[in-house]
Protein chains: 2
Amino acid sequence: MDLVVSASHRGRPREFCTENALAAALAVFWRKGYEGASLSDLTDAMGISRPSLYAAFGNKEALFRQALDLYEREKMAYVGEALAQPTARGVAEYMLMGALERQTSVCDPRGCLGVVSAMQCGDEAQAIRSEVQARGAAANEALIARFERAKIDGDVPPTADAGGLARLLYAVMQGLAMQASAGATAAELRSLVDTALQCWPTR
Amino acid sequence: MDLVVSASHRGRPREFCTENALAAALAVFWRKGYEGASLSDLTDAMGISRPSLYAAFGNKEALFRQALDLYEREKMAYVGEALAQPTARGVAEYMLMGALERQTSVCDPRGCLGVVSAMQCGDEAQAIRSEVQARGAAANEALIARFERAKIDGDVPPTADAGGLARLLYAVMQGLAMQASAGATAAELRSLVDTALQCWPTR
DNA sequence: CTAAATCCATAACGCTCGGTATGTAAGTAA
DNA sequence: TTACTTACATACCGAGCGTTATGGATTTAG
């Protein structure tokens, strides 16, 4: 049990940047999903060999989890900002506009890593599926809590269903991601978001 | 080129019912998606051997298409009925209630065969993905046309965006299917649908 | 300079995949 | 019965999967 974690670089130093490699892996998972991304796809995009991948990241599942962390940290930051908006409508606006901006970005893949990976049903990927679904459920819970608070704030009518509003908003965002990855144009996605915001209550 | 299609059963008759076998295959595809369903999964559920499957249905892709036809014919019939409703709100109500009923059925798998299969990204399954997306796009176009007519009927305000309404409704249904296959309870799905209908314009 | 440690490259492992060749059983038509 | 047609059962194919064993290259520690 060697617990020496000293950063003294003994032995040959690695020849690639793990952060860049992880970003490349994220792009592959994002485009193809967890099971759709083969190790050859990953190593090709990362520019490293299979043993290097296993030495640096553990295995495919661990690599995916790290890519998912990076994705949430860098690409889903707007969700946290949305929850901090002062009104329920502001939350919905920030969420939908953030999602629209993300889905119409020209440099990132279409679709949502969480959405595409949560739909994978392979027998072996059940753990991944559960993990992604758990993270989505946590975000949904945060949305519900935010709308509950909005009821107290008088921000939405006290008869409103906070859980229903949260799940509806979440469903629209999931559908937005699906239609984006199905090839909808930016104008079509924008019309979807605009209409959703026109329909959103308590303007 | 033997064009004799006479139903004279020459040779050994097959020992299984193709309709039952196709229904069993549909259940497997529905639960696991196109790529997630292996030939072993399919033959086990259908109770037939691999060569029998290929003789009766062609190959895995052809089998999926036939299962998809069966699915649309038997499980998505409510979409056509929805489009025939007299008002735009009636269309939305019928669509969402039909989807809710489907997703909360106790005898069928959760989720939507189209949704789960459209998210498969494997290199080989691109044709399947395109096929499913094309069918979804056709349904979306029908929805758009229906809401355009609703504008003429004075059913929705003339300033409304028919395309936006159609894509929004479609997105809510996609999100509903996703949350259903992610394990949401019937009550949660019902709250989603109820809230969506409360938000729907021109009540 | 030697020894230990760490990384890279190649190739292989066992497994599952979709699809098929082969031989036999079961039915009809003469 | 005899010939022919069709379906079933078994076993196999080549390819791709995630993972790892092996050996050489490159660095630091003593």
Side-chain angles (χ1 to χ4, degrees), chain A residues 1-18 20-21 25 28-29 32-67 117 120-128, chain B residues 1-18 20-22 25 28-29 32-67 117 120-129:
Chain A
M1 202 64 69
D2 203 339
L3 291 181
V4 175
V5 201
S6 73
S8 70
H9 296 300
R10 276 192 328 206
R12 179 176 173 179
R14 69 163 46 103
E15 295 174 350
F16 62 94
C17 166
T18 56
N20 290 352
V28 175
F29 281 130
K32 312 189 121 190
Y34 175 72
E35 295 201 293
S38 73
L39 274 188
S40 297
D41 294 332
L42 292 165
T43 53
D44 285 354
M46 301 164 85
I48 65 178
S49 66
R50 285 165 127 89
S52 297
L53 188 154
Y54 278 80
F57 300 101
N59 58 8
K60 187 186 179 184
E61 184 172 331
L63 173 64
F64 178 82
R65 273 178 228 271
Q66 295 171 62
S117 299
Q120 314 273 148
C121 304
D123 36 354
E124 297 293 337
Q126 198 73 16
I128 291 291
Chain B
M1 201 66 67
D2 203 340
L3 291 181
V4 175
V5 203
S6 72
S8 70
H9 297 299
R10 280 193 326 207
R12 179 176 174 179
R14 69 163 46 102
E15 296 175 348
F16 63 94
C17 166
T18 57
N20 290 351
L22 184 58
V28 175
F29 281 130
K32 311 189 120 187
Y34 175 72
E35 295 201 292
S38 72
L39 276 186
S40 298
D41 293 332
L42 292 166
T43 52
D44 286 354
M46 300 164 84
I48 64 178
S49 67
R50 281 162 128 89
S52 297
L53 188 154
Y54 277 80
F57 300 100
N59 60 7
K60 187 186 179 185
E61 185 172 331
L63 173 63
F64 178 82
R65 273 178 227 273
Q66 295 171 62
S117 299
Q120 313 272 150
C121 304
D123 37 354
E124 295 294 338
Q126 198 73 18
I128 291 293
R129 185 179 160 92

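Letters go in sequence order (proteins before strands), and every chain restarts at 1.
The base of D/dT28 is not paired with the side chain of A/Arg12 by any donor and acceptor separated by under 3.5 Å. No donor-acceptor contact under 3.5 Å links the side chain of B/Arg10 to the base of C/dG27.
To the nearest angstrom, P of D/dT20 lies 8 Å from CG of A/Asn59. Look at CD on A/Glu35: it is 14 Å from P on C/dT16, rounded to the nearest Å. Following rounding to the nearest Å, A/Phe16 (CZ) and C/dT6 (P) show an atom-to-atom distance of 15 Å. Atom P of nucleotide D/dT19 and atom CG of A/Leu63 are separated by 10 Å, given to the nearest angstrom. When rounded to the nearest whole Å, the span between CG of B/Asp41 and P of C/dG19 equals 14 Å. Atom-to-atom, CZ of A/Phe64 to P of D/dC17 comes out at 18 Å; the value is rounded to the nearest Å. Atom CZ of A/Phe57 is separated from atom P of D/dG18 by 16 Å (rounded to the nearest Å). Put simply, CG on B/Leu53 is 13 Å from P on D/dA9, counting in whole angstrom units.
Between A/Val28 and the choices A/Leu63, A/Asp44, A/Thr43, A/Leu42, the side-chain contact (heavy atoms from CB on, under 4.5 Å) rule is met once, by A/Leu42.
The distance from the CG atom of B/Leu39 to the OH atom of B/Tyr54 is 4.0 Å, given to the nearest 0.5 Å.
Positionally, the nearest nucleotide of DNA chain C for A/Arg14 lies more toward the 5' end than for the other of A/Arg14 and B/Pro51. When the nearest nucleotides of DNA chain C are assigned to B/Arg50 and A/Ile48 by heavy-atom distance, the more 5′-ward of the two goes with A/Ile48. The 5' end of DNA chain D is approached more closely, in terms of each residue's nearest nucleotide, by A/Tyr54 than by the other of A/Pro13 and A/Tyr54.
Listed pair A/Ser52 / C/dC8 meets the phosphate criterion, a side-chain N or O lying under 4.0 Å from OP1 or OP2. At least one side-chain nitrogen or oxygen of A/Ser38 sits closer than 4.0 Å to the OP1 or OP2 atom of D/dC17.
By the 6.0 Å and 45° rule, A/Lys60 stacks over the aromatic ring of A/Tyr34. Stacking of A/Arg14 on the aromatic ring of A/Phe16 is recorded, both the 6.0 Å distance cut-off and the 45° axial limit being met.
At least one donor-acceptor pair closer than 3.5 Å links the side chain of A/Gln66 to the backbone N or O of A/Phe57.
Residue-level contact check: A/Ala56 touches neither bases nor backbone, having no heavy atom under 4.0 Å from any strand.
Checking D/dC17, D/dT19, C/dA9 against every side-chain atom of A/Lys60, the shortest atom distance belongs to D/dT19.
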